[in-house]
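Accompanying notes for the structure given below.
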There are 2 protein chains.
Amino acid sequence: MSMHLDTVFAALGDPTRRAILAMLLEDDMAVTDVAEPFDMSLAAISKHLVVLTGAGLISQEKRGRVKWCKLEPDAMREASIWMQSFGQFEAVNLDDFERFLAAELKAEP
Amino acid sequence: MSMHLDTVFAALGDPTRRAILAMLLEDDMAVTDVAEPFDMSLAAISKHLVVLTGAGLISQEKRGRVKWCKLEPDAMREASIWMQSFGQFEAVNLDDFERFLAAELKAEP
DNA sequence: GTGATATTCAACCATTTGGTTGACGTTTTC
DNA sequence: GAAAACGTCAACCAAATGGTTGAATATCAC
């Protein structure tokens with residue numbers, strides 16, 4: 001159980017991986033397409049995807065020669081519950097969140 | 001802004017540090033007392049506290065020769081908001097959470 | 001002021017992490 | 001079947017991480 005917390009939080013600690021997750025919010029993507037915006041080798045992205053898969057934050061399914069990456073939002077649930085104990089976080093303002101996420105995406109890949 | 005996410009998530013990725021945060025939920029503690037339940041040197045705990053402080057998850061205040069550690073719940077807010085986007089997490093059941101936290105504390109130090 | 005207590009510092013060590021490059025195995029396309 | 005596209009593997013590297021020990025620095029208590 002806490003193994004999940006280890007791997008989930010560790011996975012989220014990297015800005016490249018968070019940016020990948022944010023990209024996958026929009027839609028499933030092939031590995032090559034995930035890698036495209038980043039200034040880094042395909043192999044490096046492939047490793048990041050292994051980490052994200054290990055944490056259960058995404059799943060990967062191979063169809064033909066294309067491996068599709070899919071967000072798995074449930075994996076964050078346990079971690080989210082853990083976090084909520086440390087304060088009373090007001091409900092997310094979706095407008096604020098959209099701006100926040102846009103800034104994240106622009107700043108980090 | 002995303003620097004916070006890096007340091008906060010990275011800090012949370014270590015079970016010792018999460019256990020420390022859970023301990024500090026109950027009350028402020030001196031460094032020596034924080035270190036007591038762990039099977040690891042005081043210096044190692046001191047380093048973990050540096051990481052937690054760097055992430056803003058705790059603050060430390062020296063009074064006399066004792067350095068008090070205090071939980072700073074606000075630091076998790078940004079990270080929590082980020083996480084909430086990836087799924088609809090039902091409201092935390094406090095009973096579940098108590099049991100979860102107890103298990104965390106027992107399993108990890 | 002001497003000694004004990006509280007904490008950090010410094011040097012060191014092993015392991016992990018995040019990246020590279022080049023070769024390799026599949027699947028598709030022509 | 002040859003060539004291109006998709007993705008991983010293997011070997012390597014530098015830097016960061018998590019731990020150790022022993023010395024150093026304050027502070028408190030007597």
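Order of the sequence lines sets the chain letters (A, B, ...), proteins ahead of strands, with each chain counted from 1. This one's a predicted model, so the numbers in the text were calculated from it and none came from an experiment.
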### Minimum-distance nucleotide to B/Ala44 side chain [options: D/dT20, D/dA11, C/dA6]
D/dT20
### Query
Are side-chain heavy atoms of B/Ile45 and B/Thr32 found at a separation under 4.5 Å?
no
### Task
Please examine the side chains of B/Cys69 and B/Met23, heavy atoms only from C-beta on, and report whether any two atoms are closer than 4.5 Å.
no
### Message
Let me spell it out: for each of A/Lys62 and B/Val50, pick the nucleotide of DNA chain C with the closest heavy atom. Which residue's pick is nearer the 5' end?
### Response
B/Val50
### Message
Under a 3.5 Å distance rule, please check whether A/Thr53 uses its side chain to pair with a backbone N or O of A/Leu49 as donor and acceptor.
### Response
yes
### Query
Checking B/Arg17 side chain against B/His48 main chain: does a donor-acceptor pair fall under 3.5 Å?
no
### Query
More 5' along DNA chain C: A/Ala10 or B/Thr32, using each one's nearest nucleotide?
B/Thr32
### Task
Give a yes/no on whether any side-chain N or O of A/Ser46 is located under 4.0 angstrom from OP1 or OP2 of D/dT8.
yes
### A/Lys67 side-chain proximity, nearest of D/dG19, D/dT8, C/dT8
D/dT8
### Task
Kindly say if B/Arg17 contacts the phosphate of D/dG18, meaning a side-chain N or O under 4.0 Å from OP1 or OP2.
yes
### Task
Could you work out which one of C/dT7, C/dT29, C/dG18 sits closest to the side chain of A/Arg65?
C/dT29
### Query
Linking I/L/V/M/F/W/Y whenever their side-chain heavy atoms sit closer than 4.5 Å, directly or via other members, would B/Leu57 and B/Leu25 fall into one cluster?
yes
### Task
Kindly point out which of C/dT8, D/dG7, D/dG18 is positioned nearest to the side chain of A/Val66?
D/dG7
## Note on the structure
A/Ser41 has its side chain closest, among C/dT8, C/dT21, D/dG18, to C/dT21
### Query
NZ of A/Lys47 versus P of D/dA11: gap in Å, rounded?
12 Å
### Query
Between B/His48 and D/dG19, is there a side-chain N or O to OP1/OP2 distance below 4.0 Å?
yes
## Note on the structure
Between CD of A/Glu36 and P of D/dA5 the distance, given in whole Å, is 15 Å
### Message
Using whole Å, what does the distance between atom P of nucleotide C/dT17 and atom CD1 of A/Ile45 come to?
### Response
17 Å
### Message
Checking contacts here: which listed nucleotide (C/dG18, D/dT8, D/dG19) is nearest the side-chain heavy atoms of A/Gln60?
### Response
D/dT8
#### Entry: Nearest-angstrom distance from the residue atom CG of A/Leu52 to C1' of C/dG18
13 Å
### Message
What's the closest nucleotide to the side chain of A/Met40 if the choices are C/dT7, D/dG7, C/dG19?
### Response
C/dG19
### Query
For B/Phe38 and D/dT20, what is the distance between atoms CZ and P respectively, to the nearest whole Å?
12 Å
### Task
Please report, rounded to the nearest Å, how far the P atom of C/dT8 is from the CH2 atom of B/Trp68.
14 Å
### Message
Distance check needed: D/dG18 P versus B/Asp39 CG, whole Å only.
### Response
17 Å
#### Entry: Sugar-phosphate only, base, or nothing, as touched by A/Ala43 at under 4.0 Å among non-hydrogen atoms
base
### Message
Can you measure A/Leu42 atom CG to D/dT8 atom P for me and round it to whole angstrom units?
### Response
7 Å
### Task
Would you check if A/Trp68 and A/Arg63 make a side-chain contact, meaning some heavy-atom pair closer than 4.5 Å?
yes
